[in-house]
**Q** 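Can you keep this structure in mind? I'll have questions shortly.
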Amino acid sequence: MAQWSFPVEAGHIMMFARAIGDPNPVYYDEEAARSTEVGGIIAPPTFIQASAQFNPDYFLRPKIGQYWFGSGKGPTGSNAAPPEEAAGGGRRGGGGGVGLHAEQHFEYHRPIRPGDVLTPTNKEGKTWEREGRSGHLVFSETITEWRDAQGNLVVTARGVGVRTSGPAQRS
Amino acid sequence: MALSASALKVGDSRSEVVVTNLSRTQIVQYAGASGDYNPLHTDEVYTTQVAGFPSVFAHGMLTMGLTGRLLTDWAGDGRLLSYGARFEKQVWPGDTLTATATVEAIEDTDQGKVARFSVVTVNEAGDRVLSGTASARLDP
């Protein structure tokens, strides 16, 4: 995958803070943020996840002119013909199993601020399996180090995804 | 305002209702802000008819974001050193979530005093939807 980066914008931080229901002015009001300890707008602790917007290959974003596994006229496959690997409902949806986010961990080296341009480096994570309530579960870990333009570490993110072997469990 | 170590002791805890009657629209709002448009969160037709769930459900990261508000409200802006979460149960439209953080330890580190918290978020039935940990830099 080509190297890409996450340009952090104040408007994006504001929209993200609204979405997580956090009215703290430090996320949108430059004037109010200036008088706080951090001295300006910063991003909420989980904001790095919004880097997905800038990942050119992120597969959970509909892409112009390409197959999308969500509903349109029918319950799946709203756009164009499915590529072979997506047939049957997409990589994470439908078919025999479903992929879900199991864990997320962040280590913060400094707050993220508007104007930062953050670049990810992925490191090898572990994979493990176990039997769960909904059948065989496969866990895989992704470790991403985010550095600023000066090369300094800003956030280390460790995500764990789980894939079930069977259809979704109804609760 | 940041927390000071002298005003905090192991066992102290704080709770906050972080969302009331979660709407499908807020889940979509989170999809738009985060860029995670997974139909399991945004598309009721796909989620019920193809994936076999009773309805769309919240991103784990929405629950983690909602819960994070409790931590930053308590520890102060820019004070978190770490925050981790395990998504234990799905969060559904209509859920009301209450997050609780508890001080598990206060340690002297090379960054000064650091508080270690356990974090739990429950739904209105009292079921745990998120469990996690966090740490934050304290004033002396």
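Labels below follow one simple rule: chain letters A, B, ... track the order of the sequence lines, proteins then strands, and each chain is numbered from 1.
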**Q** B:Val18 versus A:Asp22: any side-chain heavy-atom pair under 4.5 Å?
**A** no
**Q** Under 4.5 Å between side-chain heavy atoms, hopping through other hydrophobics if needed: is there a path connecting A:Trp146 to A:Ile112?
**A** yes
**Q** Got a donor-acceptor contact below 3.5 angstrom from the B:Gln26 side chain to the A:Ala19 backbone?
**A** yes
**Q** Quick check: closest heavy atoms across A:Ala50 and B:Ala33, and the distance to 0.1 Å?
**A** CB-O, 3.7 Å
**Q** If hydrophobic clusters are built from ILVMFWY residues whose side chains come within less than 4.5 Å, do A:Met14 and A:Val38 share one?
**A** no
**Q** Do you see a donor-acceptor pair shorter than 3.5 Å between the side chains of A:Asn24 and B:Asp73?
**A** no
**Q** Output, in order, the C-alpha distance, side-chain angles, deciding distance and verdict of side chain to side chain contact (heavy atoms under 4.5 Å, CB included) for A:Phe106 and B:Ser82.
**A** CA-CA 5 Å; A:Phe106 298 112; B:Ser82 67; over 6 Å; no
**Q** Hey, are the side chains of B:Asn38 and A:Phe69 touching, using non-hydrogen atoms and a 4.5 Å cut-off?
**A** yes
**Q** Of the backbone (N, CA, C, O) and the side chain (C-beta and beyond), which part of A:Arg18 lies under 4.5 Å from a heavy atom of chain B, both, or neither?
**A** both
**Q** Distance check, rounded to the nearest 0.5 Å: B:Asp36 atom CG versus A:Gln49 atom CD?
**A** 8.0 Å
**Q** Measuring from atom OH of B:Tyr37 to atom CZ of A:Phe59, what distance do you get when rounded to the nearest 0.5 angstrom?
**A** 15.0 Å
**Q** Would you give the length of the straight line joining atom CD1 of A:Ile41 to atom CG of B:Asp77, rounded to the nearest 0.5 angstrom?
**A** 11.5 Å
**Q** Find the one option among B:Glu44, B:Gln111, B:Arg86 whose heavy-atom pairs under 4.5 Å with chain A are most numerous.
**A** B:Arg86
**Q** Are there more than 12 heavy atoms of other residues, nucleotides or ligands under 6.0 Å from atom NZ of A:Lys123?
**A** no
**Q** Among A:His105, A:His12, A:Gln104, A:Arg158, who wins on heavy-atom pairs under 4.5 Å with chain B?
**A** A:Gln104
**Q** Go through the atoms of A:Pro75 and report whether side chain, backbone, both or neither lie under 4.5 Å from a heavy atom of chain B.
**A** both
**Q** How about A:Tyr108 and B:Tyr83: are their ring centres within less than 6.0 Å of each other?
**A** no
**Q** Taking atom CD of A:Glu124 as the centre, report whether more than 12 heavy atoms of other residues, nucleotides or ligands fall under 6.0 Å from it.
**A** no
**Q** Does any heavy atom of chain B fall under 4.5 Å from the side chain of A:Pro44, the backbone, both, or neither of them?
**A** neither
**Q** In the single-linkage hydrophobic clustering (I, L, V, M, F, W, Y; side-chain heavy atoms under 4.5 Å), do A:Leu100 and A:Phe139 co-cluster?
**A** yes
**Q** Take B:Thr72 and A:Val26 through the side chain to side chain contact (heavy atoms under 4.5 Å, CB included) test and state the conclusion after the steps.
**A** CA-CA 11 Å; B:Thr72 49; A:Val26 80; over 6 Å; no
**Q** How long is the span from the OG atom in B:Ser34 to the CD1 atom in A:Ile48, to the nearest 0.5 Å?
**A** 13.0 Å
**Q** What I'd like to find out is whether the side chain of B:Pro39 reaches to under 4.5 Å of the side chain of A:Trp68, using heavy atoms alone.
**A** yes
**Q** A:Tyr58 versus chain B, heavy atoms under 4.5 Å apart: side chain, backbone, both or neither?
**A** side chain
**Q** Enter the distance from B:Gln49:CD to A:Thr76:OG1 here, rounded to the nearest 0.5 Å.
**A** 10.5 Å
**Q** Kindly work out whether a path of hydrophobic side-chain contacts (I/L/V/M/F/W/Y, heavy atoms less than 4.5 Å apart) joins A:Val8 to A:Tyr28.
**A** no
**Q** Using a cut-off of under 4.5 Å on heavy-atom pairs, state which of B:Gly78, B:Ala134, B:Gly32, B:Ala85 scores highest against chain A.
**A** B:Ala85
**Q** Report which part of A:Tyr27 has an atom under 4.5 Å of a heavy atom belonging to chain B: side chain, backbone, both, or neither.
**A** side chain
**Q** Rounded to the nearest 0.5 Å, how far does CD of A:Glu103 lie from CZ of B:Phe87?
**A** 8.5 Å
**Q** Just to verify, what does A:Asp148 make a side-chain hydrogen bond (donor to acceptor under 3.5 Å, both in side chains) with, not counting sequence neighbours?
**A** A:Arg110
**Q** Check for me, please, whether A:Phe16 and A:Leu118 land in the same ILVMFWY cluster - side-chain distances under 4.5 Å, paths through other members count.
**A** yes
**Q** With no hydrogens and no angle check, just 3.5 Å: does a side-chain donor-acceptor pair link A:Ser71 and B:Asp43?
**A** yes
**Q** For chain A, which residues from residues 56-71 of chain B have at least one heavy atom closer than 4.5 Å to it?
**A** B:Phe57, B:Met61, B:Leu62, B:Met64, B:Gly65, B:Leu66, B:Arg69
**Q** Assess whether side chain to side chain contact (heavy atoms under 4.5 Å, CB included) is satisfied between B:Arg79 and A:Glu37, documenting all intermediate values.
**A** CA-CA 10 Å; B:Arg79 288 296 185 124; A:Glu37 184 186 19; 2.6 Å; yes
